[in-house]
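Note that the structure is predicted; figures quoted are calculated from it, not measured. So that the names make sense, note that chain A is the first sequence line, chain B the second, and so on, each numbered from 1.
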Amino acid sequence: MNKESYEQSYLYRLRHSAAHLMAQALTELYPGVKLAIGPPIENGFYYDVETTEALKEEDFAAIEKRMKELSKLDQRIERKVAKSRDEAREIVLKECTLGQGEAVAEYKLQLLDAVPEGEDISFYDQQRTDREGTFHRFIDLCRGPHVDSTKEIKHFKLMSLAGAYWRGDVKNKQLTRIYGTAFESQEELEQYLHNLEEARRRDHRILGKELGLFMFSPRVGPGLALWLPKGAQLRETMIEFLRDEQLKRGYEPVITPQIASIKLYEKSGHILTFREKMFPFMEDEEKETYILKPMNCPFHIEIYASQIRSYRDLPIRYAEFGTVHRYEQSGEVTGILRARGFTQDDAHLFVTPDQLLDEFIGVVDIMNTVLRKLGLTDFRARLGTKDPKSDKYVGHDDNWVAATNAIMEACDKMGMEYEISPGDAAFYGPKLDLIIKDALGRDWQMGTVQVDYNLPERFGLEYIAEDGKPHRPIMIHRAPFGSLERMIGLLTEQYAGAFPLWLAPVQVAVLPIADRHVDHAMDLASQLKGYSGDLGTKLRVSVDDRRETLGKKIRENQLQKIPYMLILGDKDIENGTVGVRSREEGGKDLGAMTLQAFVEMVEKEMD
RNA sequence: GCCGACGUAGCUCAGUGGUAGAGCAACGGUUUCGUAAACCGUAGGUCAGGGGUUCAAAUCCCCUCGUCGGCUCCA
């Protein structure tokens with residue numbers, strides 16, 4: 001179901017009503033609770049509240065119990081429209097607060113003020129007297145729509161608690177957000193919970209450990225990954241792929257240091273706009289301050305600026321797999337999807353205004369090539385623009401407008417659809433980002449292209465044009481993966497660890513059946529690796545020479561998601577064949593074939 | 001950083017105030033095996049760290065660190 005049809009659906013209304021039912025239970029159980037907002041969301045609903053005492057997850061059982069009781073009362077949910085803003089205010093203060101007045105109406109009054117002029121101000125009212133004669137009522141300022149009766153809300157579960165800033169602003173008070181979910185049937189609810197469990201098994205942090213890709217150590221520090229041999233191989237493979245692709249397209253590799261004097265960052269504007277994301281500064285004995293690099297761009301700019309550049313030299317495309325460190329807040333670190341140290345597949349293009357459009361299109365093309373190769377199809381593009389209200393940007397508005405227009409023009413020309421997201425620009429310019437969901441449905445920004453008029457200006461970059469006069473180049477910042485860490489984390493989840501053959505850290509496992517087959521297995525592996533023989537291939541091969549049963553070796557290599565196993569016993573040695581097993585379909589026996597035939601098969605698969 | 005949850009052997013987990021456990025992995029031995037876990041044995045723990053309550057703490061309380069779900073922020 002897509003977003004639009006979901007928002008029109010009964011399920012969406014049901015969840016919205018479930019949020020109200022939860023709020024009703026909360027007002028009864030916690031007198032004095034201040035209600036803020038409670039919308040339906042992608043997989044359920046939440047309500048933000050302010051309570052006098054901190055809520056705990058152990059309170060959920062009591063809240064759910066009361067919700068069930070209130071549901072059974074069969075309260076009719078009725079829509080009421082206030083005749084005027086004043087009347088609406090009266091309802092909020094007198095009825096919504098159930099006599100507690102202004103003390104609990106704080107957020108609702110603010111929401112009322114935010115209802116645009118001319119729009120209906122509606123309330124949803126649910127009430128009933130129970131068998132003991134107690135009157136229950138809940139009326140809430142709300143656009144709706146809702147279901148007809150609380151009786152319809154039967155299959156729900158409270159999921160988690162979180163702090164959430166009022167109106168999403170850190171400067172505001174932090175409220176308590178209660179997340180829940182609701183479905184039309186018990187089966188669907190259980191299916192959803194089951195799917196959550198399944199998604200957890202695809203989590204890159206779990207697979208990363210099981211498959212030996214990467215690890216973290218508290219002695220190294222949060223968000224600082226240690227890459228294990230298989231994970232490092234994966235990185236090398238991805239780097240090799242992209243490096244070739246870039247060389248083909250006229251990129252030139254450069255290499256720059258991990259730290260630089262603070263002067264570089266004063267010039268770039270990082271100190272003004274990026275400081276809180278940088279690791280603590282270092283000071284040497286001469287009192288020079290150094291900074292661990294959070295971005296590669298100023299370094300590439302220094303290389304550009306080191307010589308007089310002619311328009312004949314442009315475009316210049318400097319590429320670097322540049323490792324950067326950013327001091328992410330402690331609660332924000334998420335495995336390798338959000339780390340404190342990560343490597344960008346970075347490049348900076350210095351172009352003339354005439355070249356901008358073509359170069360931008362060239363970058364989008366390389367991104368498409370990358371996505372296709374990696375098999376990522378489920379992504380969306382987002383144009384991050386400047387938030388006019390924020391002061392976290394550098395440069396003149398004219399530059400911003402020109403850069404934003406350039407991106408839109410290029411996208412239109414390529415027929416690329418995108419959504420505009422104000423406030424998601426980089427501090428120096430607007431950007432086009434690719435957004436992909438992880439196993440748990442969270443959005444992550446992956447590849448990015450950014451058009452930048454501002455850093456060239458700050459650094460006074462020039463090239464000599466045909467007219468013999470200095471002109472200012474435009475920069476394109478771009479990273480098709482985004483970062484190796486995030487991309488590998490995401491790919492791990494997309495493929496549930498079963499990487500495509502070209503990417504798999506170990507492509508082939510050779511399994512000798514008994515000790516007497518080990519020498520032969522070693523020889524075979526050496527040929528497949530291209531170290532001996534004339535198979536004309538270079539595969540990544542392991543030999544499982546442990547003294548274990550064949551069944552066990554197969555099981556463990558299958559769990560390691562190794563694409564092919566070659567089983568080697570007396571029959572094979574006699575016939576000059578190997579028994580080939582594919583990891584597909586839970587392990588498929590492809591029968592005996594010659595090594596040559598096997599190599600032809602895998603080479604074809606990798607084309 | 002903030003709100004909530006969690007932290008027991010290398011891994012997955014059991015153990016709710018009274019002598020720290022299991023499976024897998026490791027190690028030693030036996031087995032040499034044809035498509036998803038051979039058999040027997042051995043060893044392994046400051047119960048994340050620190051402080052407190054108690055005759056007694058893995059278990060209750062406080063602090064710190066780390067991890068997880070969110071918020072904010074981001075490749």
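Atom-to-atom, CD1 of Ile37(A) to C1' of C71(B) comes out at 12 Å; the value is rounded to the nearest Å. Spacing between atom CZ of Arg340(A) and atom P of U67(B) amounts to 8 Å, rounded to whole angstrom units.
Here the separation of A25(B) from C39(B), taken at their P atoms, is 10 Å to the nearest Å. For the C1' atoms, the distance linking C11(B) with G70(B) amounts to 28 Å, nearest Å. Across the C1' atoms, U54(B) and U59(B) are found 13 Å apart, a figure rounded to whole Å. U31(B) sits 49 Å from A56(B) when the C1' atoms are compared, rounded to a whole Å. G18(B) sits 13 Å from A58(B) when the C1' atoms are compared, rounded to a whole Å. Across G7(B) and C24(B), the matching P atoms stand 24 Å from one another, rounded to whole Å. The gap from the C1' atom of C65(B) to that of U19(B) amounts to 31 Å, rounded to the nearest Å.
U42(B): Watson-Crick or G-U partner is A26(B), with both key distances under 3.5 Å.
Between Glu485(A) and Trp227(A) the shortest side-chain heavy-atom distance falls below 4.5 Å. Val543(A) has its side chain out of reach of Leu524(A): every pair of non-hydrogen atoms, C-beta onward, lies at least 4.5 Å apart.
Checking side-chain atoms of Arg340(A) against main-chain N and O of Tyr327(A) turns up no donor-acceptor pair under 3.5 Å.
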